[in-house]
Amino acid sequence: MSSRIAFLKGHGTENDFVIVPDPDNAVDLSPAAVAALCDRRAGIGGDGVLHVVRSAAHPEARDMAAQAEWFMDYRNSDGSVAEMCGNGVRVFARYLQRAGHATAGDLAIATRGGVKTVHLAKDGDITVGMGRARLPEQEVTVRVGERSWPARDVDMGNPHAVAFVEDLAHAGDLATPPEYSPASAYPEGVNVEFVVDRGPRHVAMRVHERGSGETRSCGTGACAVAVAAARRDGADPAVTGTPVTYTVDVPGGRLVITERPDGEIEMTGPAVIVAEGEFDPAWLDDVVR
């Protein structure tokens, strides 16, 4: 890395990201480099990095290039790789629109969780087709301090454990991952959502995202919560033939989640680009050396 590197900063319901446009996949983003960029005191700060690469230029996305021109190479703030990030996809789409790579309407984006269909509405909100939820039949318990709860196992392309609680404060500070059992349930870790009811088909949540700690929002987590709440409430669109919509409040705002009879889940919410600039690769080299 010899020349200055462009970046942007964006968020979706305050789940914030450092965006690194890199169409040719020329920027080496090691785990240490990602962690340095996401550092909120010594770096730019963010819950993760959105590495914007043309699908044809990335070895993990070349087989999706015919379906989606752009690949969201997403990294958690600790540098680890993640399969999918729902808020990140919306911010990624907003960046493509800002850069002139997309206009209002439908757009396909490649992710490690598959190709996602995105709709950029003229009113500003962005809807993401999040795919289908998978509900593994296993009993899971999550624990914070002396409290424990049964959790619903929901796979949204990444793993989630959804626990319904009486008070969101019972989740603790979520600075460290909540304990769960059995340990074999999630060999690579899990995102844990704590949920309370706010009204009919209206819930609120807090989340510990694996690799990032507590975040202000989690798109795949909101989808997992909506599905878990619907099943708890006896609603299954595949059985009734009627879509089910839940409003999910997160610390950073509000998302609307709809599950359709064919199992497809759509998430609608805002995405904002707040800044852009450049960083000196020499700084990054010094930090990760």
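Keep in mind that the numbers below use all heavy atoms, side chains included, and drop hydrogens, waters and symmetry copies. Positions are given from 1, in the same order as the sequence printed here.
- Connection of Val272 to Val118 is not established within any shared hydrophobic cluster, with ILVMFWY side chains joined at heavy-atom distances below 4.5 Å, either directly or through further cluster members.
- Using a 4.5 Å cut-off between side-chain heavy atoms of Ile, Leu, Val, Met, Phe, Trp and Tyr, Tyr186 falls into a hydrophobic cluster with Val140, Val142, Val144, Trp149, Val165, Leu168, Leu174, Tyr180, Val190, Val192, Phe194, Val196.
- Arg134 is linked by a side-chain hydrogen bond (donor to acceptor under 3.5 Å, both in side chains) to Asp155, counting only residues two or more places apart in sequence or in another chain.
- Once rounded to the nearest 0.5 Å, the distance linking NE2 of His202 with OH of Tyr246 reads 12.0 Å.
- A single hydrophobic cluster is not seen to contain both Val49 and Tyr74; linkage of ILVMFWY side chains at heavy-atom distances under 4.5 Å, directly or through other members, places them apart.
- At a threshold of 4.5 Å between non-hydrogen side-chain atoms, the residues Glu69 and Arg54 count as touching.
- The closest donor-acceptor contact from the side chain of Lys116 to the backbone of Gly86 lies at 3.5 Å or more, if one exists at all.
- In this structure the side chain of Glu14 never reaches within 4.5 angstrom of the side chain of Asn87, judged on heavy atoms.
- Using a distance-only test at 3.5 Å, with no hydrogens or angles considered, a donor-acceptor pair links the side chain of Arg231 to the main chain of Ala235.
- Under the side-chain hydrogen bond (donor to acceptor under 3.5 Å, both in side chains) criterion, Arg198 pairs with no residue at all, not counting sequence neighbours.
- Side-chain contact between Leu96 and Val52 is present, with heavy atoms from C-beta onward closer than 4.5 Å.
- Side-chain contact between Met267 and Val89 is absent, with no heavy atoms from C-beta onward closer than 4.5 Å.
- The distance from atom CZ of Arg90 to atom OG of Ser217, rounded to the nearest 0.5 Å, is 6.5 Å.
- When all heavy atoms of Val288 and Ala36 are compared, the closest pair comes out as CG1-CB, 4.4 Å.
- The line from CG of Leu255 to CE of Met205 is 8.0 Å long, rounded to the nearest 0.5 Å.
- Rounded to the nearest 0.5 Å, atoms CZ (Arg201) and CG (Asp233) are 7.5 Å apart.
- Taking the six-membered ring where the residue is Trp, Phe279 and Phe7 present tilted rings, their angle falling between 30° and 60°.
- With sequence neighbours left out, Asp153 forms a salt bridge (charged side-chain N to carboxylate O under 4.0 Å, His left out) with no residue at all.
- Within the 3.5 Å criterion, the main-chain N or O of Pro31 finds no donor-acceptor partner in the side chain of Ser80.
- With sequence neighbours excluded, the residues that form a side-chain contact (heavy atoms from CB on, under 4.5 Å) with Ala169 are Asp167.
- Residue Phe17 is not grouped with residue Val34 when hydrophobic side chains (ILVMFWY) are merged at heavy-atom distances under 4.5 angstrom, including chains of intermediate members.
- In Glu166, the CD atom is not crowded: 12 or fewer heavy atoms of neighbouring residues, nucleotides or ligands sit closer than 6.0 Å.
- Among all heavy-atom pairs drawn from Ala226 and Val248, the shortest one is CB-CG2, 4.5 Å.
- Between the CD atom of Gln97 and the CG atom of Leu120 there is a distance of 5.0 Å, given to the nearest 0.5 Å.
- Remark: Phe92 CZ to Ile19 CD1 distance equals 9.0 Å, nearest 0.5 Å.
- Applying the ring-ring contact (aromatic ring centres under 6.0 Å, His included) test to pairs two or more places apart or on separate chains, those with a residue in residues 33-61 are His58-Phe71.
- Follow the hydrophobic side-chain contacts under 4.5 Å out from Val53 and you never reach Leu8; the two are in separate clusters.
- Under the side-chain contact (heavy atoms from CB on, under 4.5 Å) criterion, Pro187 pairs with no residue at all, not counting sequence neighbours.
- Annotation for Glu139: atom CD does not count as buried by contact number, only 12 or fewer foreign heavy atoms lying within 6.0 Å.
- For the pair Leu50/Tyr95, no side-chain contact is recorded, criterion being any heavy-atom separation below 4.5 Å from C-beta on.
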Worksheet item: Step by step, would you call Lys9 with Glu276 a side-chain contact (heavy atoms from CB on, under 4.5 Å)?
Response: CA-CA 6 Å; Lys9 182 73 183 289; Glu276 60 182 311; over 6 Å; no
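- Under the ring-ring contact (aromatic ring centres under 6.0 Å, His included) criterion, no residue pair touches residues 204-244, with sequence neighbours excluded.
- Under the 4.5 Å side-chain heavy-atom criterion for ILVMFWY residues, no single connected hydrophobic cluster contains both Val20 and Val91.
- At least one donor-acceptor pair closer than 3.5 Å links the side chain of Asp236 to the backbone N or O of Ala238.
- Side chain of Arg210 to backbone of Glu188: a donor-acceptor contact under 3.5 angstrom is found.
- The side-chain hydrogen bond (donor to acceptor under 3.5 Å, both in side chains) check on Asp47 picks up Asn15, Arg40, with sequence neighbours excluded.
- Contact between Ala93 and Ile109 at its shortest, heavy atoms only, is CB-CD1, 4.0 Å.
- Here Arg260 pairs with Pro243, Thr258, Asp262, Glu266 under the side-chain contact (heavy atoms from CB on, under 4.5 Å) rule; sequence neighbours left out.
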Worksheet entry | Derivation of the side-chain contact (heavy atoms from CB on, under 4.5 Å) call for Thr13 and Arg216 | CA-CA 7 Å; Thr13 50; Arg216 300 284 293 170; over 6 Å; no
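- For Phe164, the side-chain contact (heavy atoms from CB on, under 4.5 Å) partners two or more places apart in sequence, or in a different chain, are Val162, Val195, Ala228, Ala229, Arg232.
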Worksheet item: Going through the checks in order, is the side-chain contact (heavy atoms from CB on, under 4.5 Å) test met by Val81 and Arg75?
Response: CA-CA 5 Å; Val81 170; Arg75 319 291 183 86; 4.0 Å; yes
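- Within the 4.5 Å cutoff, the side chain of Leu29 has heavy atoms near those of the Leu37 side chain.
- The environment of CD in Glu278 is crowded: more than 12 heavy-atom neighbours from other residues, nucleotides or ligands sit within 6.0 Å.
- Checking side-chain atoms of Arg94 against main-chain N and O of Pro270 turns up no donor-acceptor pair under 3.5 Å.
- Between Trp70 and Pro23 there is a side-chain heavy-atom pair separated by less than 4.5 Å.
- Partners of His160 under the side-chain hydrogen bond (donor to acceptor under 3.5 Å, both in side chains) rule, at least two apart in sequence or in another chain, are Asn158, Glu193, Thr220.
- Considering only heavy atoms from C-beta on, His119 stays 4.5 Å or farther from Thr268 through its side chain.
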